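I have placed the structure first, in the form of structure tokens, so that the comments after it can refer back to it.
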Amino acid sequence: MATTNSAERPLLCVMGVSGAGKTVVGTHLAHALGLPFVDGDDLHPPENVRRMAQGTPLTDDDRAGWLAAIASRLGQAQQGGTGLVVACSALKRAYRDRLRESAPHLGFVHLTGDPALIASRMAGRVGHFMPASLLGSQLATLELPAADEHAWNFDVARPPAQIVAELVARIGR
């Protein structure tokens with residue numbers, strides 16, 4: 001996990017495939033740490049949302065502007081020392097590297113788990129644009145964080161409150 005000096009507030013990206021619980025964990029983590037929260041889904045341009053809602057996986061080109069918007073928010077938070085928790089799939093190393101360009105102290109919390117559990121959660125969501133049919137393409141795109149990325153990995157079979165409590169304890173060390 002990337003470290004921050006004592007004058008900085010944490011910059012954290014809760015990452016993983018759709019349905020892993022990024023928004024739930026990210027929202028609760030931000031609240032527990034007294035930090036702002038940004039849901040990366042809210043920064044997708046309308047065309048991306050339309051494509052995903054129709055079951056079309058996004059390409060690297062589709063994601064470029066979206067990643068730039070998230071990176072901008074992270075960079076602003078780093079420059080301002082305000083800290084930030086962002087939910088972003090960050091499926092590929094190149095995407096995580098792009099985010100770290102704007103926020104070198106960014107830490108990653110990788111939510112991972114059994115695809116069947118994640119699919120069942122996606123099927124139960126109401127009002128989300130991402131259909132469960134895209135889970136397979138997300139899993140195929142996912143590049144697990146490498147050891148040098150110092151990501152913290154959490155199995156989503158654990159309750160979100162338990163994950164958040166452990167993260168708060170780790171960050172406090």
Side-chain angles (χ1 to χ4, degrees), residues 1-5 8-30 32-33 35 37-41 43-44 52 57-75 77-78 83-119 121-122 130 134-173:
M1 174 63 67
T3 59
T4 60
N5 69 44
E8 294 177 341
R9 312 271 332 257
L11 295 168
L12 300 164
C13 176
V14 181
M15 63 164 287
V17 297
S18 185
K22 297 180 297 293
T23 300
V24 171
V25 170
T27 301
H28 287 92
L29 179 60
L33 296 173
L35 297 175
F37 173 75
V38 171
D39 191 334
D41 282 349
L43 300 179
H44 271 295
M52 288 183 284
L58 298 180
T59 65
D60 288 348
D61 287 342
D62 294 330
R63 291 184 178 104
W66 172 67
L67 288 168
I70 294 170
S72 175
R73 295 282 184 98
L74 287 164
Q78 181 157 320
L84 181 65
V85 177
V86 63
C88 171
S89 56
L91 296 175
K92 292 184 177 182
R93 167 101 189 211
Y95 303 166
R96 298 186 293 274
D97 289 346
R98 171 63 186 99
L99 298 177
R100 280 191 292 263
E101 286 173 9
S102 295
H105 297 289
L106 180 62
F108 287 91
V109 175
H110 179 215
L111 301 180
T112 186
D114 178 45
L117 173 62
I118 295 170
R121 290 179 178 179
M122 288 180 80
M130 177 71 96
L134 287 179
L135 179 58
S137 72
Q138 289 226 319
L139 290 167
T141 301
L142 177 64
E143 296 171 2
L144 297 176
D148 69 320
E149 294 185 84
H150 307 289
W152 287 329
N153 297 294
F154 289 90
D155 189 323
V156 298
R158 294 175 61 189
Q162 196 178 79
I163 293 171
V164 169
E166 186 173 330
L167 282 164
V168 169
R170 286 183 185 190
I171 291 165
R173 285 186 218 143

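None of these values were measured; they are calculated from a predicted model.
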So, taking the atom named [atom1] in [X] and the one named [atom2] in [Y], what distance separates them when rounded to the nearest 0.5 Å?
X: F37; Y: L29; atom1: CZ; atom2: CG; answer: 9.5 Å
X: M52; Y: L58; atom1: CE; atom2: CG; answer: 4.5 Å
X: L67; Y: H44; atom1: CG; atom2: NE2; answer: 8.5 Å

Any pair counted as salt bridge (Lys or Arg N to Asp or Glu O under 4.0 Å), so long as it reaches [range], sequence neighbours left out:
range: residues 99-108; result: D97-R100, R98-E101, R100-E149
range: residues 153-164; result: R158-E166
range: residues 62-71; result: R51-D62

Using every non-hydrogen atom in the two residues, find where [X] and [Y] come nearest and quote the distance to one decimal.
X: L142; Y: M15; value: CD1-CE, 4.3 Å
X: C13; Y: L99; value: SG-CD1, 4.3 Å
X: A151; Y: P145; value: CB-CB, 3.7 Å
X: I70; Y: C88; value: CD1-SG, 3.7 Å
X: P10; Y: L35; value: O-CD1, 3.7 Å
X: L84; Y: A77; value: CB-CB, 3.7 Å

Flag the pair [X] / [Y] as yes when at least one side-chain heavy-atom distance between them is below 4.5 Å, and no otherwise.
X: W152; Y: I171; answer: yes
X: L135; Y: R121; answer: no
X: Y95; Y: S89; answer: no
X: L12; Y: L33; answer: yes

task: Check step by step if side chain to side chain contact (heavy atoms under 4.5 Å, CB included) holds for F154 and V14.
output: CA-CA 10 Å; F154 289 90; V14 181; over 6 Å; no
- request: For K22 and V86, indicate whether the former's side chain and the latter's backbone hold a donor-acceptor pair under 3.5 Å.
  value: no
Donor-acceptor under 3.5 Å (S72 side chain, A68 main chain): no
field: Which residues share a side chain to side chain contact (heavy atoms under 4.5 Å, CB included) with A69, sequence neighbours left out
entry: L43
message: A103: which residues meet the side chain to side chain contact (heavy atoms under 4.5 Å, CB included) condition with it, sequence neighbours left out?
response: L11, L74, Q78, L106
- line: Residues at least two apart in sequence or cross-chain that pass side-chain hydrogen bond (donor to acceptor under 3.5 Å, both in side chains) with H110, listed by chain then number, are N153
